[in-house]
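Every number for a ligand or one of its atoms is a count from 1 in the order of the listing. Just so you know, residue 1 is the first one in the sequence shown, and it goes up from there.
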Amino acid sequence: MPNIFFSMSLSQHSITALRDLLSRGAITSTDIVDDLLAQTSAHEGEVGAFLSLDADRIRAAAAKADLSLPLGGIPIAIKDNINAVDEPCTCGSKFLAEHYRSPYDAGVIKQLRAAGAILFGRTNMDEFAMGSATENSALQATNNPAAPGHIPGGSSGGSAAAVAARFVPAALGSDTGGSIRQPASHCGVVGLKPSYGLVSRYGLVAFASSLDQIGPMTRTVEDAALLLQTIAGHDPLDSTSLPVAVDDYLSGLKQGVKGLRIGIPKEYFAEGLDPAVKAATMAGVARLEEQGATAVEISLPHTEYAVATYYIIAPAEASSNLSRFDGVRYGHRAAHPADILSLYQQSREEGFGAEVKRRILLGTYVLSSGYYDAYYNKAQKVRTLIRRDFEQAFQLVDAIVSPVAPSPARKMGECSNPLEDYLADVCTIPVNLAGLPAISVPLPVSGLPIGLQIITPHLQEAQLLRIAHAVELQ
Ligand code: GLN
């Protein structure tokens, strides 16, 4: 896709290309960060991807980068809900914007540092990752570099925009109901949500703990494989982290898709699907068929309940997770509370934005006595049915392919009712409810960017990336 910021600087390169140049001694890490910082200062005013960026620290890290390591000297941007020691971690919220500095490194940050990566800027996001447009950020707006005037998607909109604008070759995002895949689709980059438990959640500020996963956002599938290789793996500090060996995501990447059976779930092509999205998705399917895959129609019959199920379970978990923001321990504290109860109330009233309050109210309601069985417990049962839909489908097919979102990025400021955005999560949410891996890979389109969602069985990331690579081939 032509990029509005095209230039021949190192900011145009993938991680793989940069590593190649570094290993041949053709460039240094300082050359890379100089180009990325120049690209960022030239265009960040129009984009607004970063909430903070410490150029001096980045330059100092580049000067002493260990190029012998797998990501030695490679800059990676970080979504602002992943803790890295001494850095801000605002979660896009006024609650944490003023005073909070991370006292520790998240699991993925330890892995990135061990691999030699350089932490670049911290990216904008919907407040506490609640949203699909980055318009719920309490701190700033982010524009879509691939479609100016349009939302970058969300909640990892700053990460997607930073990668699309060539500020960084890659970024980390987090995905609870689509927040890596949907902004990747809207900005024309690759975004992968790993299987639940494959990547450590330690140090990711929790939104809905049974759904959250951190994952890579890159410009190529190969880079997504490389970054996933670095951040995957067991972490004893996350009790839901799986004690499994990490597959090799790179060696089989180019093996092709010959003989694979690809399922097309009919429920994902329902009324309301934008014709451009449908056409692009079917062109993606055709590309796989040309390379020897077989497409078959399948059914995921409980899809229609997924949005309702998610918008009970995710707020329920959020209302519990966000109770830690009480004005005592982290971030914002009300100035003159009369007593301890008003300290909690005023701090939360002042610190949280409207969407976060809405989710806390929803979550508290569905967990309260008398409603727990009617809503929360029922939603857990439907979640099991949705997971079984996928298990049954994977008896018939190796992978499932679908749209990421029913329409391309809408214009900024054009959502009048939060329900509109909730409903647009219909293609991504079931994957989180089932704990499966999925990727959004850009499709060749002439208009607004559109991604193809590929879903595989649990822990089949190697196969997922192989199929994505076949779609990506020009
Ligand atoms: N759009 C969904 C929500 O608002 C998903 C967010 C996410 O994945 N963090 O909850």
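Applying the 4.0 Å criterion to heavy atoms of R359 picks out, from ligand 1, the atoms 3 (C), 4 (O), 10 (O). Residue M130 approaches ligand 1 through these ligand atoms, each under 4.0 Å from one of its heavy atoms: 4 (O).
Of the protein's non-hydrogen atoms, Y310 OH, 3.3 Å is the one closest to atom 5 (C) of ligand 1.
A centroid separation of 6.0 Å or more is found between the aromatic rings of Y330 and F95. Aromatic ring centroids of F128 and F325 lie under 6.0 Å apart.
Looking at ligand 1, you'll find an N or O of G177 within less than 3.5 Å of one of its N or O atoms. Residue D175 has no N or O atom closer than 3.5 Å to an N or O atom of ligand 1. Residue-to-ligand polar distances place S132 within reach of ligand 1: an N/O pair is separated by less than 3.5 Å. Residue S174 has no N or O atom closer than 3.5 Å to an N or O atom of ligand 1. Residue F207 has no nitrogen or oxygen atom sitting less than 3.5 Å from a nitrogen or oxygen atom of ligand 1, judged on distance alone.
Taking all atoms of both residues into account, the shortest heavy-atom contact from T142 to A161 is CG2-CB, 3.7 Å.
Nearest-residue assignment for atom 7 (C) of ligand 1 (options A318, P315, S179, S155; heavy-atom criterion): S179.
Here T364 pairs with nothing under the side chain to side chain donor-acceptor pair (under 3.5 Å) rule; sequence neighbours left out.
Proximity of Y422 to ligand 1 is not established, as no heavy-atom distance is less than 4.0 Å. In this structure, E355 falls outside the shell of residues with a heavy atom less than 4.0 angstrom from ligand 1. Using a non-hydrogen distance threshold of 4.0 Å, A314 does not register as a contact of ligand 1.
Proximity of K79 to S155: side-chain heavy atoms (C-beta onward) are separated by under 4.5 Å at one or more points.
Contact check on E391 versus R388 returns no salt bridge, with no Lys/Arg side-chain nitrogen under 4.0 Å from an Asp/Glu carboxylate oxygen. Between E87 and R57, at least one side-chain N (NZ, or NE/NH1/NH2) sits under 4.0 Å from a carboxylate O, which counts as a salt bridge.
The proximity of Y311 to ligand 1, defined as any non-hydrogen pair under 4.0 Å, is limited to the side chain. In K193, neither the side chain nor the backbone holds a heavy atom less than 4.0 Å from any atom of ligand 1. Contacts of D425 with ligand 1, taken as heavy-atom pairs under 4.0 Å, involve the side chain alone. At a heavy-atom distance under 4.0 Å, atoms from both the backbone and the side chain of A129 approach ligand 1.
For Y104, the OH atom is densely surrounded, since the number of other residues' heavy atoms within 6.0 Å is greater than 12.
Using a 3.5 Å distance cut-off with no hydrogens or angles, the side chains of S210 and E317 do pair a donor with an acceptor. Inspection of the S209 and N321 side chains reveals an N or O donor paired with an N or O acceptor under 3.5 Å.
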